[in-house]
Structures are given as C-alpha cells and as structure tokens.
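See below for the structure under consideration.
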Amino acid sequence: MCWFAQPVFGAADPTSPADRATATVAAATSSSPAPSTDLPTDWIDPDTGHRVVRLSREDNTQSLYFNQNPFTPDGTRLIATVPDGIETINLKTGEIKKVTLGKAPTQRVDTHDSTPAEERLGHYVVGRKTPTVYFTRGYDVLATNLDTGATRKITTLPEELFWGSGFTVNSDETLLVGAGDAENGPLGAIGPKWTGNQALGARMDALVPMVLYSIDIKTGEIKKFFRAEHDWLNHVQFSPTDPTLLMFCHEGNWGQVDRVWTMRVVPESYTVQLGDTLDKIAAAHGTYAGMVKYTSKLTSDTLTPGQKILLPPGPPRLMHQRTMQGEIAGHEFWGADGEHAWYDLQTPQGRVFWLGAMDLKTGKHLRFTLPKNEWSVHYNVSPDGKLFAGDGGGPNSVARGDNGQWIYLFTPDYSSPTTVKGANDEDVPVYTFKAERLVNLAKHDYGLEPNVMFSPDMKWIIFRCNMLGAAHGSQVLAVEIAKAKN
C-alpha cells in the first residue's frame with residue numbers, strides 16, 4: 001500500500017514528498033465537515049528528522065485503542081471517531097468520509113464522558129474479513145459496510161451488558177465478544193459510577209460479578225459463556241488468526257491481579273458419567289454449575305449417565321504468572337501471527353521494565369529489556385513481527401520516566417541474549433531493543449493516550465495526540481518510519 005497515491009496530486013511533482021503530502025491533505029480537507037485550517041498538515045519533527053502527517057481534519061478526532069483493529073482488510077482505510085460520528089480515513093488518497101452519525105465519547109483515562117447511553121456511539125471494531133465496522137449506537141449493535149454504506153441491526157444489548165468492555169470480532173466474522181455485568185443491578189460494571197483510573201480500587205472492592213458474552217453476527221443471539229464472581233473483565237480481543245481463541249484481562253490495580261488470560265469461546269461436548277453432578281463437572285472444568293446449566297440449557301439439576309451436555313468455553317489460561325511483590329503485567333496485545341501474546345511487564349512496578357510475551361504453542365516466554373525513559377504506556381508490533389513501537393509516557397504515567405514523552409520505534413537485537421528466571425523456574429531468554437525516537441510528545445497531555453499502531457504497509461506509525469493545542473483536542477497523526485530526506 002502506498003500512503004499517498006499519485007492520482008490525487010494533479011500537477012504536483014511526484015518526486016517531492018512534501019508536494020505529494022500537501023496535495024493529499026488538500027483533498028482530504030475538501031471532503032471534511034469541519035476543517036482545522038489553522039493547524040499544520042505536514043512537517044518534519046525538528047528533534048528527530050522524521051516526517052509527520054496529520055490525517056484528521058476535524059477537532060477531537062480519535063483513533064481507536066491500540067489493540068482494536070481499525071483497518072479494512074485491504075489496508076486502505078482506517079476508522080476514527082469525531083464528536084458527531086464515525087468516519088473513515090483513506091490511507092491512499094487522504095479522503096475522509098462519514099460512516100454514521102451519533103455522539104462519540106471522549107477517550108481520556110482521567111475523566112468519564114457523560115454522553116447519555118441512548119445517544120452514545122461505542123464498541124467500535126473493524127472486521128478482518130470484510131470491510132465492516134461493528135459498533136453500538138445506544139443499545140443497538142450495528143454493522144456498516146464501509147464500501148456500500150449499508151447498515152444493519154444485529155441485536156440490542158440488555159442493560160447489564162451495555163457498559164462493559166468494547167467489542168472484539170473474530171477472524172472469520174461470525175462472532176462479536178464483549179464483557180459486562182452478570183445481571184442488571186445498581187452497581188454497574190464499568191458504567192457512570194466508575195470514573196476512569198481513579199475508581200480502580202473502589203471498582204475492585206465492589207466485587208461485581210461479570211460475564212464474557214458472545215453475539216452471533218448472523219442471528220444476533222447473545223450468549224453469556226464465562227462468569228467471574230469477583231474479577232473485573234476487560235480488554236477482550238480475538239486472535240487475528242484463530243476464530244475461537246480470545247484474550248482478555250482481569251482489570252484493576254495491576255499489582256493485585258494476574259491480568260492476562262486466553263480462552264476458547266466454543267462450548268465443549270461432555271457425556272455425563274455415573275456419579276456426576278453439576279457441581280462436580282463444573283469443578284473439574286474450572287467453571288460454575290450455573291454456567292454448565294446455562295450453556296446446556298438445562299431446566300433441572302438432575303443428570304443421567306450417558307446424557308450429552310455442553311460445557312462452557314474455557315477454562316482460562318494465564319499468560320504471565322507474577323513472581324514478586326509489586327510485579328505488574330498488562331496492556332496486552334496479539335502478535336499479528338496469532339502465536340504470541342505480548343504485554344508490558346515491570347518487576348517490580350516502576351523499577352525494572354520489559355516487553356514480555358508468551359508463545360501460545362510452546363508455553364515458553366521471552367522478554368525485551370527497556371530503560372526507564374523508553375518505557376511506553378502502550379506498545380505494538382508490526383504486521384511482519386519485525387518491529388515494535390511505543391508511545392512513551394507522561395509525568396503521571398506508571399513509569400514517570402525522565403524525558404520519556406516520545407513516539408518510539410524499537411528494532412529487536414537478538415545477537416547477545418541473556419536469561420532471567422521466570423515463574424516455575426523457567427529460564428526466560430532476554431533480548432534488547434535498538435530504540436529510535438520518531439516524534440517529540442513534550443507538549444502532549446497523556447490523559448489522552450496516544451495508542452500507537454503500525455500502518456498495514458509498515459511504513460508509518462499512527463497515533464492520536466493533543467500536542468497541537470488544547471482548543472483542537474485530539475488529532476490523528478502518522479509519522480514516517482524512514483527518516484525524511486533533506
């Protein structure tokens with residue numbers, strides 16, 4: 001994929017990157033509803049020598065969370081939100097098109113957006129098989145084809161599921177999965193009662209029972225398939241390659257939770273044996289008797305030997321086991337090959353920094369070591385798995401690093417590995433990164449997390465930021481990985 005396609009440039013010099021960018025952003029501005037005409041559209045970061053392009057044309061445009069797929073399958077468009085809806089940004093032409101109308105909430109970690117549920121857009125994610133964006137408008141779950149603009153209603157969420165985790169869609173686009181309350185009630189899982197990071201402790205102490213649930217994209221059927229009596233479930237994300245494998249987290253204060261888990265989402269058939277009870281079967285399979293009864297649609301607790309029932313999906317598999325007081329692991333994400341689960345790791349928090357991973361086939365772990373000022377709120381990996389990116393951290397972020405407010409490119413160095421002891425006496429190989437600063441974020445307020453992601457052609461890193469001025473809110477930018485030519 002070429003970031004800026006030649007046909008939109010008119011008489012611009014095709015050998016000049018600056019002219020090509022200027023022509024493209026002009027085309028994008030002409031199709032945008034509320035242009036920010038006083039902001040730059042293309043510049044060279046004076047501290048790094050890398051070219052930065054502003055993809056958005058409207059104030060308070062936000063790209064998606066770092067582990068939610070925003071790209072169409074052909075890699076030509078990404079979705080973003082603006083205050084009055086969802087739009088696509090064409091990565092070849094710069095064209096911006098409105099997809100749907102509604103009120104998109106502000107995505108800051110230090111505040112709770114007060115948009116009423118009935119007017120709220122949310123749960124956005126793009127399919128990997130078709131050019132479809134899945135989202136909610138109010139309580140309705142919708143799917144819009146980004147080629148035709150056709151929108152269809154899939155189902156309507158009940159109250160207890162509305163305020164939970166955003167959707168993930170599996171690789172064959174047969175299922176959506178989210179997290180929400182186990183039942184409707186006064187507490188609410190992640191609703192207006194809980195305000196950003198300030199509520200982490202109170203939210204954990206409330207012990208709200210939660211569920212993971214699936215939505216059949218074709219029929220709209222909703223199934224609650226995993227129940228957690230005390231754990232706060234969040235950050236659901238399907239494997240990019242395996243349509244039955246889900247990663248999720250136990251949210252909360254990271255030092256108090258084993259956070260990163262995977263599980264299968266397809267029920268398993270089981271034949272009742274002599275002496276079996278619902279409690280016995282549930283205990284043997286790491287679940288609850290009520291979930292066995294719910295999954296199998298049983299109307300009685302009585303079981304008969306030889307009877308065929310369905311076991312709930314699972315049990316969950318832990319990706320990283322903590323070994324010391326204050327150790328944290330989180331902000332998990334998939335490798336593009338679906339074979340590795342990656343996560344930020346600190347042993348302990350704020351002192352020793354790593355990017356860790358588990359190989360799901362072997363169960364073995366690996367780590368990359370990082371100095372404090374190269375730690376990032378979020379990391380991401382390129383589609384070919386050869387490069388990593390980070391979005392740095394502000395003065396109130398976990399690491400509180402010295403001069404750590406940068407967009408980083410990390411190139412792995414496997415030449416001189418060392419080892420460190422992990423859980424169960426595992427010898428974990430440790431590698432290093434060669435870090436390069438791409439964008440200076442000294443003027444960025446990290447209350448809005450940048451959420452780095454690689455463009456599908458691996459030539460750009462896309463992120464959101466507010467460093468162009470508080471009056472303009474969030475803008476979506478892209479920095480070119482190759483250094484600009486003089």
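None of these values were measured; they are calculated from a predicted model.
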Measuring only between side-chain heavy atoms, which start at C-beta, is Ile281 closer than 4.5 Å to Leu303? yes
When you measure from the side chain of His365 to the backbone of Met319, do you find a donor-acceptor pair of N or O atoms at a distance under 3.5 Å? yes
Give me the atom names and distance for the closest heavy-atom approach of Gly275 to Lys280. O-CD, 3.8 Å
Begin from the C-alpha positions of Ile407 and Ile461 and carry the test side-chain contact (heavy atoms from CB on, under 4.5 Å) through to its verdict. CA-CA 9 Å; Ile407 298 296; Ile461 293 172; 4.2 Å; yes
Begin from the C-alpha positions of Phe167 and Tyr134 and carry the test ring-ring contact (aromatic ring centres under 6.0 Å, His included) through to its verdict. CA-CA 8 Å; Phe167 290 148; Tyr134 301 91; 8.4 Å; no
Walk me through it: do Arg128 and Phe238 pass the test side-chain contact (heavy atoms from CB on, under 4.5 Å)? CA-CA 11 Å; Arg128 299 180 185 275; Phe238 267 113; over 6 Å; no
Less than 4.5 Å apart, any side-chain heavy atom of Leu245 and any of Trp334? yes
Can we call the ring centroids of Phe368 and Phe388 under 6.0 Å apart? yes
Where at least one partner belongs to residues 331-346, residue pairs that pass salt bridge (charged side-chain N to carboxylate O under 4.0 Å, His left out), sequence neighbours excluded: Arg259-Glu332, Glu339-Lys361
Report the C-alpha distance between Ile462 and Ser455 in whole Å, list the side-chain angles of each, state the deciding distance to 0.1 Å, and finish with yes or no for side-chain contact (heavy atoms from CB on, under 4.5 Å). CA-CA 7 Å; Ile462 299 168; Ser455 64; 4.2 Å; yes
Side-chain heavy atoms of Val126 within contact of Thr132, under 4.5 Å: no
Could you check whether Glu327 and Thr347, counting side-chain N and O atoms only, form a donor-acceptor pair closer than 3.5 Å? no
Give the minimum heavy-atom separation between Gly255 and Ile328, together with the two atoms involved. N-CG2, 3.5 Å
Quick check for you: to the nearest 0.5 Å, what is the distance between Ser474 atom OG and Asn60 atom CG? 7.0 Å
Electrostatic pair Asp140:Lys153 at N-O distance under 4.0 angstrom: yes
Compare every heavy atom of Asn451 with every heavy atom of Leu64, then report the nearest pair and how far apart it is. O-CB, 3.8 Å
Find the distance between CE (Met263) and CG (Leu246) and round it off to the nearest 0.5 Å. 7.5 Å
Of all heavy-atom pairs linking Thr61 and Ala80, the shortest is CG2-CB, 3.9 Å
Using the ring of each side chain (for Trp, its six-membered ring), is Trp254 parallel, tilted or perpendicular to His331, with breaks at 30° and 60°? perpendicular
Measuring from atom CE of Met291 to atom CG of Leu311, what distance do you get when rounded to the nearest 0.5 angstrom? 11.0 Å
Would you please say whether a donor-acceptor pair under 3.5 Å links the side chains of Tyr270 and Asp276? yes
If every non-hydrogen atom of Leu157 is compared with every non-hydrogen atom of Ile215, which pair is closest and at what distance? CD2-CD1, 4.0 Å
Separation between CG of Leu370 and CZ of Phe410, rounded to the nearest 0.5 Å: 5.5 Å
Pair Lys103 + Asp84, salt bridge at N-O below 4.0 Å: no
So, does Ser296 use its side chain to make a donor-acceptor pair with the main chain of Ile309 at under 3.5 Å? no
Student check: side-chain heavy atoms of Lys129 and Val169 closer than 4.5 Å: no
Any heavy-atom pair between the side chains of Pro316 and Thr262 that's under 4.5 Å? no
Are His378 and Phe333 close enough that their ring centres sit under 6.0 Å apart? no
Are side-chain N/O atoms of Glu449 and Tyr65 paired as donor and acceptor at under 3.5 Å? no
N/O donor-acceptor pair under 3.5 Å between Ser165 side chain and Asn234 backbone: no
Minimum heavy-atom distance between Arg77 and Pro131, given as atom pair plus value: NH2-CB, 4.0 Å
His320 vs Tyr343, ring-ring contact (aromatic ring centres under 6.0 Å, His included): CA-CA, chis, key distance, verdict: CA-CA 9 Å; His320 176 83; Tyr343 46 86; 5.2 Å; yes
I'd like to know whether the aromatic ring centres of Trp261 and His250 sit less than 6.0 Å apart in this structure. yes
I want to check something: taking the side chain as every heavy atom from C-beta on, are Thr81 and Tyr124 in contact at a cut-off of under 4.5 Å? yes
Does Ser376 reach the main-chain N or O of Gly392 with its side chain, forming a donor-acceptor pair under 3.5 Å? yes
Parallel, tilted or perpendicular, as decided by the 30° and 60° cut-offs, for the rings of Tyr139 and Phe162: tilted
For Gly122, is there any backbone N or O sitting under 3.5 Å from a side-chain donor or acceptor partner on Thr136? yes
Just so I know, are the side chains of Val266 and Pro313 near enough to count as touching, which here means a heavy-atom distance under 4.5 Å? no
Give the table of side-chain donor-acceptor pairs shorter than 3.5 Å for residues 217-226, with sequence neighbours excluded, one pair per line with atom names and distance.
residue, atom, partner, partner atom, Å
Thr219, OG1, Asp216, OD1, 3.4
Thr219, OG1, Glu221, N, 3.2
Lys224, NZ, Glu160, OE2, 3.1
Lys224, NZ, Ala182, O, 3.0

Atom pair CG/CG of Leu146 and Asn90 - distance to nearest 0.5 Å: 11.0 Å
Tell me, with the steps shown, if Gln307 and Thr271 meet side-chain hydrogen bond (donor to acceptor under 3.5 Å, both in side chains). CA-CA 6 Å; Gln307 180 180 357; Thr271 302; over 6 Å; no
Is a side-chain N or O of Ser239 found less than 3.5 angstrom from the main chain of Thr241, in a donor-acceptor match? yes
Can you find a heavy atom in the side chain of Glu87 that is under 4.5 Å from one in the side chain of Glu58? yes
Go through it in stages, so that I can follow the logic: the residues are Thr244 and Asn170, the test is side-chain contact (heavy atoms from CB on, under 4.5 Å), and I'd like the CA-CA distance, side-chain angles, deciding distance and then a yes or no. CA-CA 7 Å; Thr244 70; Asn170 64 349; over 6 Å; no
Just checking, any donor-acceptor pair under 3.5 angstrom between side chains of Thr168 and Gln68? no
Side-chain (Arg464) to main-chain (Ser63) donor-acceptor, under 3.5 angstrom: yes
I'd like to know if the side chain of Asp258 and the backbone of Gln321 have a donor-acceptor N/O pair within less than 3.5 Å. no
Roughly how far apart are Lys293 NZ and Leu310 CG, rounded to 0.5 Å? 15.5 Å
I'd like to know if the side chain of Arg317 and the backbone of Leu360 have a donor-acceptor N/O pair within less than 3.5 Å. yes
Just do the side-chain hydrogen bond (donor to acceptor under 3.5 Å, both in side chains) check on Asp279 and Thr277 with the steps written out, would you? CA-CA 5 Å; Asp279 286 333; Thr277 65; 5.3 Å; no
